[in-house]
Amino acid sequence: MRSVFPGDTPEAPDRPAVEVRGLVKRYGPKAAVDGLDLSVARGGLTAVLGPNGAGKTTTIETCEGYRRPDAGTVRVLGLDPVADAAELRPRVGVMLQSGGVYAGARAEEMLRHVAALHAHPLDVPSLIERLGLGGCGRTAYRRLSGGQQQRLALAMAVVGRPELVFLDEPTAGLDPQARHATWDLVRELRTDGVTVVLTTHYMDEAEALADDIAIIDSGRVIAQGSPEELCRGGAENTLRFSGRPGLDLASLLKALPAESTAAELTPGTYRVGGRIDPQLLATVTTWCAQNGVMPDRIAVERHTLEDVFLELTGKELRA
Amino acid sequence: MSTETFSPRPGAAPVSRMIRAQAALETRMLLRNGEQLLLTVVIPTLLLVLFSAVDIVDTGEGKAVDFLAPGVLALAVMSTAFTGQAIATGFERRYGVLKRLGASPLPRWALMTAKTCSVLVTEVLQVVLLTVIAFALGWSPQGNPFAVLLLLVLGTAAFSGLGLLMAGTLKAEVTLAAANLVFLLLLVGGGVIVPMEKFPGGVRAVLELLPISALSDGLRDVLQHGAGMPWGDLGILAVWAVLGLGAAAKLFRWE
Ligand SMILES: Nc1ncnc2c1ncn2[C@@H]1O[C@H](COP(=O)(O)OP(=O)(O)O)[C@@H](O)[C@H]1O
Ligand SMILES: [Mg+2]
């Protein structure tokens, strides 16, 4: 099986942490994952972004060794997730989309247990504090709130000091505060050299955290790149501002680069299209100053991941 | 170690430490669970005390406790290895515990070893408790302790196989209901407190092939009548153990 990647040694440092090629996974006649390619750089933070049912969990769980591919190959840290499971398990941290804890176990007890299965675990009390679980360390899992259960599952994924973690929707259902605490921890993991793969259906999460985003839909990666790369392509950006109605746009256009456009959308609101860069912004504000216009509510509207997804699939990302 | 850094330092704990930790956790879960305690401790104890003190069932010649203690020991084994283990493992599967442990450094064989250790520890506690109570009720056991041990071990293997088979193939709620029902039926029809002679011949011939009947009958032969090795009963238990554990190994679904 390894000959699919000839000449590679599993531990080559520049080799991707996760390599998925042509992955197909069917449940009955329906393919949940349908020819998916994914490459995760070592030490980076990769977000697998897609709507519910896109195949995120199936992909991640194949990398975790829970499912065998129907076709294609998967390598994690250069190894086969199923055949080399024993070697991989201590090195890979796993946060399932849900569950994974004895209903009657206390939060701290469960975390201590997972720690005891590893050779050099993190200090459990400080990890408990770090994730804001200090007040409920002695609470049975079934009595924890959804957010607390999520954070315990996250703690269980990192307590063994893995080199790679798979986090399946780590912030689903969290309140904003808990969400940001999780984001901070995930960023810290990356800073400390842990490779992170997370799935999410929140675009802002992928944009805020990831070095690299793979957008998946219907079991395929439809785009992969850094947030900047993904948002750069496609429709051009626009600049909007408000001012007094009836400005002389012909005069404004003369000041702008050749391909620019300018229009009054509704009386007093204007849109400038074209290559929006700092120079153009300065030109517009200078022109406003020269014409005694106070540009109110001036905004550069960036092409968002939402737009990217909509363009690629014709669908809204929000499920 | 402190959480100042998450810098990777992966590694599995020694497997003996993992098994010890897992067995300790599973035993704690069991002892903390009220329904499990009812099944494994309260019911066997109550049956032993009640039926020894009050002459409700006709237990034949001799002291009632000499008839009841072996049956209740068989019931204790069934309650832990079969009913308790089936219910607990069924819910572990349902709640993704088995799945999550599957991603930990703990190998599957080590998880099963830990489960067995936890069952055995619980049984030792049960046997100690029931023996003390039985002695207080005037129990005078006979026979070869080694034969008793062999019966208990084979009985545990037979019931564990059946319990795990149920837990690994049925939905957790179905396992819960079915395991309790089977417990009740076998309590009545397996020679635990009701002597097998009470059943008509044809029915009895079938009932005697059940693992609970073999275990209670074997224990009674040794402990009440001072028989040597009860080979027939040991044979029945061995067949159940091979069938149950074999089927469980083949059909068990972890998710
Ligand atoms: N065990 C399963 N049996 C049958 N269908 C499944 C199973 N798991 C997932 N699916 C289907 O596969 C598709 C992808 O699911 P999943 O990987 O969970 O997506 P996501 O995590 O992106 O929401 C969905 O249509 C889902 O219904
Ligand atoms: Mg999912």
Side-chain angles (χ1 to χ4, degrees), chain A residues 61 64-66 85-86 88-106 109-110 112-130 140-142 153 156-166 185 188-195, chain B residues 1-37 87-111 114-115 118 172 176 253-255:
Chain A
E61 293 196 345
E64 291 163 349
Y66 285 120
L88 277 173
R89 279 191 304 247
R91 300 170 62 191
V92 177
V94 167
M95 175 182 179
L96 299 175
Q97 189 168 344
S98 64
V101 183
Y102 294 85
R106 296 169 181 137
E109 178 178 43
M110 190 67 203
R112 275 193 191 289
H113 179 62
V114 178
L117 302 177
H118 290 88
H120 316 285
L122 294 172
D123 180 56
V124 169
S126 33
L127 186 56
I128 290 261
E129 278 311 312
R130 179 75 181 64
Y141 179 73
R142 63 168 176 275
M156 284 162 57
V158 302
V159 72
R161 300 184 67 178
E163 48 192 283
L164 165 66
V165 291
F166 289 107
L185 186 130
E188 218 171 293
L189 285 171
R190 181 188 164 285
T191 307
D192 289 343
V194 181
T195 307
Chain B
M1 286 308 125
S2 80
T3 43
E4 270 144 41
T5 173
F6 291 109
S7 56
R9 200 169 170 214
V15 74
S16 60
R17 189 172 103 198
M18 289 198 268
I19 292 175
R20 239 181 298 131
Q22 185 67 34
L25 180 69
E26 301 229 348
T27 311
R28 280 204 305 280
M29 291 300 108
L30 195 145
L31 296 178
R32 196 178 290 162
N33 184 312
E35 292 109 70
Q36 294 276 27
L37 282 183
I87 294 170
T89 308
F91 279 98
E92 284 162 21
R93 181 166 149 248
R94 154 76 175 273
Y95 292 134
V97 179
L98 299 181
K99 180 175 178 177
R100 178 61 186 80
L101 288 174
S104 80
L106 182 75
R108 272 184 188 172
W109 68 262
L111 172 62
K115 280 192 170 297
S118 164
L176 175 67
R253 289 195 313 253
W254 296 81
E255 283 183 37

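The figures that follow rest on heavy atoms only: side chains count, while hydrogens, waters and symmetry mates do not. Here is the naming used below: chain letters follow the sequence lines, and residue numbers restart at 1 for every chain.
To the nearest 0.5 Å, the span separating OG1 on B/T5 from CD on A/E188 amounts to 8.5 Å. Taken to the nearest 0.5 Å, the OH atom of A/Y66 stands 11.5 Å off from the CH2 atom of B/W254. The CG atom of A/L117 lies 8.5 Å from the CZ atom of B/R17; values are rounded to the nearest 0.5 Å.
Residue contact with chain B, scored on non-hydrogen atoms closer than 4.5 Å, involves the backbone and the side chain of A/A105 alike. For chain B, the nearby parts of A/L189 are the backbone and the side chain; heavy atoms of each come within less than 4.5 Å. Interface remark: B/L98 contributes no atoms to any contact with chain A (heavy atom separation under 4.5 Å). Contact annotation for A/M156: both backbone and side-chain heavy atoms come within less than 4.5 Å of a heavy atom of chain B. Proximity to chain B involves both the backbone and the side chain of A/R106, based on heavy atoms less than 4.5 angstrom apart. With a threshold of 4.5 angstrom between heavy atoms, A/V101 approaches chain B through N, CA, C or O but not through any side-chain atom. In this structure, the portion of B/E255 lying under 4.5 Å from any heavy atom of chain A is its side chain and not its backbone.
Contact annotation: the side chain of B/E26 approaches that of A/Y102 to within less than 4.5 Å [non-hydrogen atoms, C-beta and beyond]. The shortest distance between side-chain heavy atoms of B/P105 and A/H118 falls below 4.5 Å. Contact check for A/P121 versus B/R9: no side-chain heavy atoms found under the 4.5 Å cut-off. Contact annotation: the side chain of B/F6 never approaches that of A/R161 to less than 4.5 Å [non-hydrogen atoms, C-beta and beyond]. B/R100 places a side-chain heavy atom less than 4.5 Å from the side chain of A/V114.
Taking a cutoff of 4.0 Å between a charged side-chain nitrogen and a carboxylate oxygen, A/E61 and B/K99 qualify as a salt bridge. Between B/R28 and A/E109 a salt bridge is recorded (basic side-chain N to carboxylate O distance below 4.0 Å).
Looking only at distances, a side-chain donor or acceptor of A/R89 sits under 3.5 Å from a matching main-chain atom of B/S104. Under the 3.5 Å distance criterion, the side-chain polar atoms of B/R32 are matched with a main-chain donor or acceptor of A/G104.
Here the closest non-hydrogen pair linking A/A119 and B/A12 is CB-O, 3.5 Å.
Your options are A/A116, A/G99, A/G193, and the one with the most heavy-atom pairs under 4.5 Å with chain B is A/A116.
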